[in-house]
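In the text below, chain A, chain B and the rest are named by the order of the sequence lines, each starting its count at 1.
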Number of protein chains: 2
Amino acid sequence: MKNDGHACEAWQLLLRLFFAQRAILPPLAAELELSPAQCHVLHLIEPGRPVPMGQLADTLACDASNVTGLVDRLESRGLIRRQPSSADRRVKVLDLTPTGSRLRALLLDRMEKPPDTLRRLSEREQRTLVRLLTRLIE
Amino acid sequence: MKNDGHACEAWQLLLRLFFAQRAILPPLAAELELSPAQCHVLHLIEPGRPVPMGQLADTLACDASNVTGLVDRLESRGLIRRQPSSADRRVKVLDLTPTGSRLRALLLDRMEKPPDTLRRLSEREQRTLVRLLTRLIE
DNA sequence: TATTGTTATACTCTATAACTATA
DNA sequence: TATAGTTATAGAGTATAACAATA
């Protein structure tokens, strides 16, 4: 029992937003002297919640060797640290430095500012949108 | 008069979808032996609607020199063609070849298939979502 | 003079394959 | 043997600067 009367239409709109986003992130990243991929990594490491490198590769859906390079560059800029894992000595977990934590906050602040079109929706419409998007993410 | 009671929350949900999408596109592109950037270009050139290279650079929000390389690779695979513009001899417009047109259709078919979570919304909810997203894109 | 697209260059992103250390 | 991360390598994406052809 498929139910895609308007599902295709909604998905196409979301795709248009995704592609538009592809154009928005690079200049925003450049302002902070980061690449889009580095923004993604910084976004995924929450302060005080170290992330194993392998888990990062899974979330980014990329090869582990790729994470090595990304982490090298972020570490050489003093934004993150590799720490040995206590449980398994093969594993290295990633942690934000104080500088990295500040830059991440700045990044989220810029990124999470909703566009004007979103603020033009009424309170009620915004709540509806939140409810529907939440079910999309589940 | 700002109205961001739930706007920030909605935007954060959209960002989560964007980042999730960053993980979905590469494998889908790889199936067709394309890169994500090449998918974006193919998506932007509609059959029978030639696009000037400069306009493509604007839409992708990237440097013109970058478009040269992207187009080189797509052209060498026989997917698109450079054509001289009749109006301005400096301009080259991009056009799909028959092969490119077929591959684009295949790409859209794969990309535009809505995820299951979207099809689980009711008809009425889908319509509401379409209405709200449309206003977001305006 | 200004604009369109190209070339040369350098750096980042990405995957594959071979490797080291640990499990 | 299997897994986590690294290294070497190669190709693609990206920006900057200098350039040719055209406007």
Side-chain angles (χ1 to χ4, degrees), chain A residues 19 22-45 50-77 79-95, chain B residues 19 22-45 50-77 79-95:
Chain A
F19 277 123
R22 269 182 91 81
I24 289 166
L25 187 53
L28 193 156
E31 265 187 68
L32 306 178
E33 296 183 69
L34 293 168
S35 69
Q38 288 170 342
C39 285
H40 202 174
V41 171
L42 226 49
H43 188 221
L44 290 172
I45 306 178
V51 178
M53 292 187 66
Q55 182 185 315
L56 201 57
D58 288 343
T59 309
L60 295 170
C62 73
D63 192 84
S65 65
N66 191 7
V67 173
T68 299
L70 281 168
V71 167
D72 282 347
R73 288 180 284 274
L74 288 169
E75 194 172 37
S76 74
R77 275 190 55 186
L79 299 175
I80 65 178
R81 273 185 303 239
R82 284 172 166 96
Q83 305 274 17
S85 165
S86 46
D88 183 337
R89 277 190 298 173
R90 291 172 302 179
V91 174
K92 297 177 188 172
V93 297
L94 302 172
D95 208 359
Chain B
F19 278 123
R22 271 182 89 83
I24 290 167
L25 187 54
L28 193 155
E31 265 186 71
L32 306 177
E33 298 183 69
L34 293 168
S35 69
Q38 289 171 342
C39 286
H40 202 173
V41 171
L42 226 49
H43 189 222
L44 290 172
I45 306 179
V51 178
M53 292 186 67
Q55 182 184 314
L56 200 57
D58 287 344
T59 309
L60 295 170
C62 75
D63 192 84
S65 65
N66 191 7
V67 173
T68 298
L70 282 167
V71 167
D72 281 347
R73 287 181 284 275
L74 288 169
E75 195 173 36
S76 74
R77 274 189 57 187
L79 300 174
I80 65 178
R81 272 185 303 238
R82 284 170 166 96
Q83 306 275 17
S85 166
S86 47
D88 183 337
R89 277 190 298 173
R90 291 173 303 180
V91 174
K92 296 178 188 170
V93 297
L94 303 173
D95 208 358

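Atom-to-atom, CD of Glu33(A) to P of dT16(D) comes out at 12 Å; the value is rounded to the nearest Å. Taking atom CG of residue Asp58(A) and atom C1' of nucleotide dG5(D), one finds them 13 Å apart after rounding to whole Å. The CG atom of Leu56(B) sits 14 Å away from the C1' atom of dT4(C) (whole-angstrom rounding). A straight line from CZ of Arg22(A) to P of dC13(C) spans 14 Å, rounded to a whole angstrom. Distance CG (Leu25(B)) to C1' (dC13(C)): 15 Å, rounded to an integer number of Å. The separation between Lys92(B) atom NZ and dT22(D) atom P is 10 Å, rounded to whole Å. For Arg73(B) and dA12(D), the CZ to P distance is 6 Å, given to the nearest whole Å. Atom CG in Leu60(B) sits roughly 14 Å away from atom C1' in dA15(D) (whole-Å rounding).
Toward the 5′ end of DNA chain C lies the nearest nucleotide of Ala64(B), the other residue of the pair Ala64(B) and Pro26(B) mapping further downstream. Of the residues near DNA chain D, Gln55(A) and Ala87(B), the one whose nearest nucleotide (by heavy atom distance) lies more toward the 5' end is Gln55(A). Of the two residues near DNA chain C, Asp72(B) and Ser35(A), the one whose nearest nucleotide lies more 5' is Asp72(B).
Between dA15(C) and Asn66(A), a contact under 4.0 Å exists linking OP1 or OP2 to a side-chain N or O. Between dT6(C) and Arg82(B), a contact under 4.0 Å exists linking OP1 or OP2 to a side-chain N or O.
Atom CZ in Arg22(A) sits 13.5 Å away from atom OG1 in Thr59(B) (nearest 0.5 Å). Note: Arg81(A) CZ to Leu94(A) CG = 11.0 Å, rounded to the nearest 0.5 Å. The distance from atom CG of Leu32(A) to atom CG of Leu42(A), rounded to the nearest 0.5 Å, is 9.0 Å. Here the straight-line distance linking atom CZ of Arg77(A) with atom CG of Leu34(A) works out to 5.0 Å at 0.5 Å rounding.
For Asp63(B), counting side-chain heavy atoms from C-beta on, the closest listed nucleotide (dA15(C), dT6(C), dT16(D)) is dT16(D). For Met53(B), taking side-chain heavy atoms from C-beta onward, the closest of the listed nucleotides dG5(C), dT7(D), dG13(D) is dG5(C). Checked against dT22(D), dA12(D), dT6(C), the side chain of Arg89(B) finds its nearest nucleotide in dT22(D). For Leu70(A), taking side-chain heavy atoms from C-beta onward, the closest of the listed nucleotides dT16(C), dG13(D), dT14(C) is dT14(C).
With hydrogens and angles left out, the side chain of Ser65(B) and the base of dT16(D) share a donor-acceptor pair within 3.5 Å. Contact of Arg90(B) with dT3(C) (side chain to base): a donor-acceptor pair of N or O atoms is detected under 3.5 Å.
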- Item | Derivation and outcome, side-chain contact (heavy atoms from CB on, under 4.5 Å), residues Arg73(A) and Val41(A) | CA-CA 11 Å; Arg73(A) 288 180 284 274; Val41(A) 171; over 6 Å; no
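When heavy atoms are screened at a 4.0 angstrom cut-off, Asp88(B) is found touching the sugar-phosphate backbone but no base atom.
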